[in-house]
Amino acid sequence: MKKVVACYKWVIDEADIRVEEKDHSLNFERAKYKISEYDRNAIEAGALLNEEKGCEFLAVTCGPNVEASLKDVLSRGPASISYVNEEWLADVDSSVTSKILAGIIKKIGNVDLVICGEGSSDDYSQQVGPRLAALLGYASVTFVNKLDITEEGIKVERKLEDGVEVLEVKGPAVVTVLPDINKPRIPSLKQILAAKKKPTEKISLKEIGFDINASQPKLKTLSISGTVMERKNMQINTDGLSIKDAALKLVKQLNADGSLA
Amino acid sequence: MNFQLTEEQELIRQMVREFAETEVKPIAAEIDKNHRFPKETLQKLKDLNLMGVIIPEEYGGSGADAISYMIVIEELSRACASTGIILATHTSLVCYPILKYGTEEQKQKYLVPLASGEKLGAFCLTEPGAGTDAASQQTTAVLDGDYYVLNGSKCFITNGGYADTYIVMAMTDKGKGTKGISAFIMEKDFPGFIVGQTEDKLGIRGSSTTEIIFKDCRVPKENLLGQEGQGFKIAMHSLDVGRAGVGAQALGIAQACLDESVKYAKERVQFDKPIGSFQAIQWMLADMATKIQCARHLVYHAAWLKENNLPFSAEAAMAKLYASETAMEAGIKAVQIHGGHGYTTNYPVERFLRDAKITEIYEGTTEVMKMVIAGNLLK
């Protein structure tokens, strides 16, 4: 039985972030957390491999507040979750995240396939998957929109800018999936209620041999501010203006605004 | 005291909200306009194990708690009040009494398919001459060998025509008043079971409301629910759960009114400002939000009492009374905030207002709720 692991990130729901009018700073006061959007596709891909191919399916994560995510994720298919929960992980970059995830995956052992979302809803660095592959010594396959496990190995379809590439990967691999690979399920009531009976494993940094001092983030966020779109609320085709005249008026306005420059 | 929902209850809300937003809300206006019963939604509710939320797993349900059940009805009704009442009737008034009063055989035969969503239920108490005066039942059930023979008619039956299993109240002994009423489990295919006229309603038009007629309808003796003469008690006990459910439905409608009003107040510009910047609108929103919060506490508290096996009859009546009046008020304010647009079908608030009205009427009118509450105070 193949062992499949999905990685996910527990992120702030961007819909809850408010942009302050006065200085465009971000207000997170009422923000809730959610599973990063594409990671929901990664979890669904793992759940389908479990249901359709009989693969063993587990999930892993790390972050500052991930214990709140466990039941939600467990209701979506994995048999268990192994995780590192550390406050300081709030400010790390993908180099640190991938080292910790690689440590957890190595600890699980004998993992045949790691599935990640193509990028996270917050930073969208698209680095965790490929970095994980390098750290684990696995093949790396990105932009995957079809995934299957066959007798020969792992078969994937990559959706690229100028075409579609179909690959067969022998041996263990890390794949990063696109949102159109599947439609993440809405867990049923019984799946939600069953989640509390599934095991979770909290892992310490020591257990995975992670040295904080040797693995400082290489990226530092200096500031984040929101952009506010201000609307002029102008109506161009007023007073029975013909379409031609309205178009000319619109062009004139756009030129005046510097929008066509 | 703890006002925090459990993680599980939050996840259930998240799940039902996602389902309601993606599958229920998009068809809500259409089923209302066409008076169409949303059969396809029932299959989806079944797939999500929502047809027997409070029924134990051993009887085909999900075994969730009563507050979770309120959350399910609230969130569905927030998207579509018709869908909310289809499920609430099925669960509170059909699954629940069979669980509470049914024999093991009845539970296996009827509750398991109902709670798993294979079958849909309806509850037949109201008659043309027995509305608020529910004790004046004219439908009779006479024992004839191994069968009861039912004659009479019921009206305003939610899920009528679409339901497979019906809980029916009928007089087995007229001389005993309410203690002469018995409850029966009936199948739509029993000979003499007739679905009558479908009502054309002000609101909840996606739900079916029909007459049910019994003409020498033969019901096997083993389909008597509880004991002979226990029907009124079964009906009143079921209605306690049902009233909390209608409270949750009203709460969902009121919340939808607030959600749409807040959205519109931010978008709609008059006098060069969003109308939400005017105090007249702000006060309406503040009143709505405050009353909705009160209603939510009342509904969840009634459910909490039930979950903890404490008396909850008066509290369920309070929850329904307050939540339904809040839904009506929120509906009126939502239409007012939307102005002329709110009076048209271009916005959903006119539907919310029409849907809200029935919550003050069915499963006991506002006046009956006050009788129940006062009765509890004075006994």
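Order of the sequence lines fixes the chain letters, A, B, ..., with proteins taken first and strands second; residue numbering starts at 1 for each chain.
Shortest non-hydrogen contact noted between D47(B) and S188(A) is O-CB, 3.7 Å. In this structure, L11(B) and I192(A) approach most closely via the heavy-atom pair O-CD1, 3.7 Å. Residues K190(A) and G61(B) approach most closely at CE-O, 3.0 Å, considering heavy atoms.
With chain A as partner, the option from N49(B), L48(B), V16(B) having the largest number of non-hydrogen pairs under 4.5 angstrom is N49(B). Among the candidates Q191(A), R185(A), R40(A), the residue making the largest number of heavy-atom pairs closer than 4.5 Å to chain B is R40(A).
A salt bridge is absent between K183(A) and E18(B): the closest approach of a Lys/Arg side-chain nitrogen to an acidic carboxylate oxygen does not fall below 4.0 angstrom.
With a threshold of 4.5 angstrom between heavy atoms, E57(B) approaches chain A through side-chain atoms but not through N, CA, C or O. Using a 4.5 Å cut-off between heavy atoms, S68(B) does not touch chain A at all. In this structure, no portion of A195(A) lies under 4.5 Å from any heavy atom of chain B. For V53(B), the parts lying under 4.5 angstrom from a heavy atom of chain A are both the backbone and the side chain. Only the side chain of E23(B) comes within contact range of chain A, with heavy atoms under 4.5 Å apart.
Counting non-hydrogen atoms of other residues, nucleotides and ligands closer than 6.0 Å to CZ of F28(A) gives a total above 12. Open room surrounds NZ on K25(B); 12 or fewer heavy atoms of other groups in view lie less than 6.0 Å from it. More than 12 non-hydrogen atoms from other residues, nucleotides or ligands lie less than 6.0 angstrom from CG of N308(B). Within a 6.0 Å sphere centred on CD of E29(A), heavy atoms belonging to other residues, nucleotides or ligands number 12 at most. Crowding of K34(A) atom NZ: a count of heavy atoms from other residues, nucleotides or ligands under 6.0 Å exceeding 12. Annotation for Q4(B): atom CD does not count as buried by contact number, only 12 or fewer foreign heavy atoms lying within 6.0 Å.
Atom CD of E67(A) sits about 10.0 Å away from atom CD of E7(B), to the nearest 0.5 Å. Distance check, rounded to the nearest 0.5 Å: NZ of K71(A) to CD of E8(B) gives 5.5 Å.
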